[in-house]
Number of protein chains: 2
Amino acid sequence: MKLAIYGYGNLGRGVECAIRQNPDAQLFGVFTRRDPASVKTLTGAPVFAADSIYAYKDEIDLVIICGGSATDLPKMTPALAKAFNVIDSFDTHANIPKHYAAVDAAAKESGHIALISAGWDPGLFSLNRLYASSILPEGRDYTFWGRGVSQGHSDAVRRIPGVLDARQYTVPVPAALEAVRSGSMPELTTREKHTREVFVVADEGADKATIETAIKTMPNYFSDYDTTVTFISADEMKASHAALPHGGFVIRTGKTGLNKEHTHTIEYALTLDSNPEFTSSVLVACARALCRMAARGVTGCKTVFDIAPADLSPLTREEIIKKML
Amino acid sequence: MKLAIYGYGNLGRGVECAIRQNPDAQLFGVFTRRDPASVKTLTGAPVFAADSIYAYKDEIDLVIICGGSATDLPKMTPALAKAFNVIDSFDTHANIPKHYAAVDAAAKESGHIALISAGWDPGLFSLNRLYASSILPEGRDYTFWGRGVSQGHSDAVRRIPGVLDARQYTVPVPAALEAVRSGSMPELTTREKHTREVFVVADEGADKATIETAIKTMPNYFSDYDTTVTFISADEMKASHAALPHGGFVIRTGKTGLNKEHTHTIEYALTLDSNPEFTSSVLVACARALCRMAARGVTGCKTVFDIAPADLSPLTREEIIKKML
């Protein structure tokens with residue numbers, strides 16, 4: 001399968017690396033809105049201007065769109081689905097139905113297949129919520145994120161006057177995880193599930209107390225959480241907080257038996273050194289499935305719920321039955 | 001969907017309970033090789049003679065076959081697939097390809113759909129091995145079982161002269177689990193991965209040392225493991241070892257990045273109070289998917305790898321996109 005990368009940030013670079021780990025995938029090139037001459041790829045893959053992609057319509061099997069969910073993907077994915085099979089990692093949960101409808105209309109009209117919201121959440125975590133709730137209908141599931149860097153929260157802190165740089169870690173509360181695993185199906189508030197740790201590089205003349213208050217009282221982002229703020233130097237930020245780790249847990253507990261006397265716990269956990277590289281690895285596996293579904297004539301917008309697991313694997317049907325079942 | 005249970009042991013009773021937790025499922029009845037008059041079901045479901053099932057061909061959407069893998073299922077599943085949509089939980093890993101071929105031929109000839117080897121291993125653990133290996137191609141996966149009762153090992157101990165009753169627990173070695181989670185991709189021997197704990201009720205006159213040696217040196221079952229043997233009273237067996245808990249872990253670690261500098265861990269864990277009831281819950285969710293696939297005209301033998309996750313859920317497409325993605 002010949003894949004194109006559309007957008008070349010952390011995610012695009014991750015996809016470039018992931019493609020090298022899959023012998024059946026080939027990178028046609030990277031498409032960027034920047035001046036192509038100014039972009040140097042990690043692996044030497046060719047760089048093209050974003051607008052020129054339509055000229056390569058017949059040479060690309062699928063486009064992996066690596067834009068942001070806030071403003072890029074709502075425009076890019078429906079537009080590109082008019083000419084290509086596409087995948088994105090749209091992750092604004094509340095807007096997924098609207099995005100789905102727009103992409104589905106475009107893909108159906110053009111006779112292409114599209115997959116939105118692939119990655120780990122939405123993505124693998126969604127799959128685990130679905131599997132677990134289908135198997136244990138009388139139960140409850142919980143999603144915890146972290147320990148990991150939230151880019152959105154880090155950006156929000158960077159916009160506070162006097163802040164030069166910031167990194168925010170989302171951290172699940174161990175006692176909450178244990179309460180969930182016990183099968184007691186607790187009601188947990190936002191504050192009980194996660195804490196937030198913020199590391200800040202402040203301007204020399206800035207008032208640290210004011211910055212700390214601005215962070216801790218910020219609505220939506222921090223005011224509902226127990227937040228710790230630590231001021232560090234620019235050097236320490238560079239040395240200790242350059243990576244983008246993340247992960248989390250999807251846990252469902254449920255009851256079975258004639259009188260619901262038995263409790264079961266299904267737990268799915270990810271511990272990721274690099275959030276964008278792992279998301280990229282999911283996207284490339286999904287690209288394989290989409291190309292196979294496209295070859296079978298499937299069109300329109302799909303989600304991870306529509307992909308038969310066998311289609312994700314490079315192995316043959318006989319091999320997966322023999323080795324993995 | 002109208003479901004029939006074929007075989008009424010622990011698994012059949014579990015399916016009977018699981019059906020009650022799924023409003024879209026209805027139990028037509030239980031089919032048994034015993035005298036139907038001698039069988040009393042947990043929920044009062046009607047009991048029929050196994051051989052009479054063909055008379056109800058048009059009233060049953062799918063048969064959940066609850067027989068043993070050693071001798072029952074290799075005969076029952078292909079035979080019933082000639083007249084019904086069927087699901088089994090065939091779990092003799094080495095014989096799956098042969099069983100698959102027999103069931104596929106029967107189901108294709110009759111125009112029915114069949115699913116073999118559904119449950120948690122094979123089943124959910126298989127799915128997790130497939131998802132994880134497709135996403136992290138440069139990595140390694142490990143499956144651990146337990147802490148849980150192995151019926152096969154318990155039965156093997158019961159066959160030793162002087163043993164009145166026995167219960168065997170398979171236990172994963174914590175140090176091995178930690179080594180795997182670290183991402184070091186260790187080579188682990190059978191002995192390093194699991195220990196075995198055996199509880200024995202011995203005949204009054206039996207020589208306990210002889211029994212203990214017979215257990216610990218039993219080839220295939222115990223000789224490759226560190227095994228502890230504890231002699232207990234029949235009362236203690238009844239009080240403390242009547243349940244059938246099980247569970248385990250599928251863990252894959254893998255590398256990503258330009259120079260494979262990042263490590264990721266994907267872990268799936270089950271903690272089950274009742275092995276047969278949980279397996280039953282998987283079977284009923286799979287029955288839903290099979291009925292939907294049958295309605296779309298799909299025939300032949302399938303595995304969990306062929307089921308699009310959306311088909312497992314009682315919710316509509318719109319609901320799962322909105323609530324779970």
Side-chain angles (χ1 to χ4, degrees), chain A residues 14 17-18 21-22 42-43 93 96-97 100 117 122 124 126-127 129-131 133-138 181 247 254 256-258 261-274 277-278 280-282 285 288 303-310 312-314 317-318 320-322 324-325, chain B residues 14 17-18 21-22 42-43 93 96-97 100 117 122 124 126-127 129-131 133-138 181 247 254 256-258 261-274 277-278 280-282 285 288 303-310 312-314 317-318 320-322 324-325:
Chain A
C17 295
Q21 296 187 291
N22 289 277
L42 291 175
T43 65
H93 288 261
I96 286 175
Y100 177 90
S117 304
L124 299 177
S126 322
L127 281 172
R129 287 186 285 261
L130 182 82
Y131 277 115
S133 64
S134 301
I135 292 160
L136 295 174
E138 296 187 52
R181 286 181 183 128
T256 66
L258 193 63
E261 61 272 35
H262 292 128
T263 301
H264 308 277
T265 305
I266 304 175
E267 174 165 343
Y268 185 75
L270 296 175
T271 310
L272 313 174
D273 270 2
S274 164
E277 285 179 10
F278 186 79
S280 302
S281 298
V282 177
R288 173 181 298 119
T303 71
V304 288
F305 303 136
D306 302 309
I307 297 178
L312 296 166
S313 173
R317 185 177 175 77
E318 288 67 33
I320 60 174
I321 288 176
K322 202 171 167 197
M324 293 191 189
L325 193 56
Chain B
C17 295
Q21 296 187 293
N22 289 276
L42 291 175
T43 66
H93 288 261
I96 287 175
Y100 178 90
S117 302
L124 299 176
S126 321
L127 281 172
R129 288 187 283 261
L130 182 81
Y131 276 116
S133 63
S134 301
I135 291 160
L136 295 174
E138 297 187 49
R181 287 182 182 127
T256 67
L258 193 62
E261 62 273 35
H262 293 128
T263 302
H264 308 277
T265 305
I266 304 175
E267 175 165 342
Y268 186 75
L270 296 176
T271 310
L272 313 176
D273 269 2
S274 164
E277 286 180 10
F278 186 79
S280 301
S281 298
V282 177
R288 176 180 296 119
T303 71
V304 287
F305 302 137
D306 301 309
I307 297 178
L312 296 166
S313 174
R317 185 177 174 78
E318 289 65 36
I320 60 174
I321 289 176
K322 202 172 167 193
M324 292 191 190
L325 193 58

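Predicted model, so just to flag it, every value in this text is computed and none were measured. Chain naming here is simple, since letters A, B, ... match the order of the sequence lines and numbering starts at 1 in each.
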Heavy-atom proximity to chain A below 4.5 Å, by part of F278(B): both

Closest approach of S126(A) to M324(B) (non-hydrogen atoms, all atoms of both residues): CB-O, 3.2 Å

Which residues share a salt bridge (Lys or Arg N to Asp or Glu O under 4.0 Å) with E261(A), sequence neighbours left out: none

Non-hydrogen side-chain atoms of L270(A) and H264(B) separated by less than 4.5 Å: no

Contacting moiety of S280(A), where chain B heavy atoms sit under 4.5 Å: neither

Y268(A) portion near chain B, given a 4.5 angstrom heavy-atom threshold: both

Among N22(A), L312(A), I307(A), the one residue meeting side chain to side chain contact (heavy atoms under 4.5 Å, CB included) with R288(A): N22(A)

Region of A18(B) in contact with chain A, defined by heavy-atom distances below 4.5 Å: neither

Contact winner vs chain B - A285(A), P314(A), A269(A), heavy-atom pairs under 4.5 Å: A269(A)

Heavy-atom pair count under 4.5 Å with chain A, highest-scoring of L136(B), T271(B), T303(B), V304(B): T271(B)

Residue selection (most heavy-atom pairs with chain A, distance under 4.5 Å) from L325(B), L42(B), I266(B): L325(B)

Residues which pass salt bridge (Lys or Arg N to Asp or Glu O under 4.0 Å) with R181(B), listed by chain and number, not counting sequence neighbours: E178(B), E267(B)

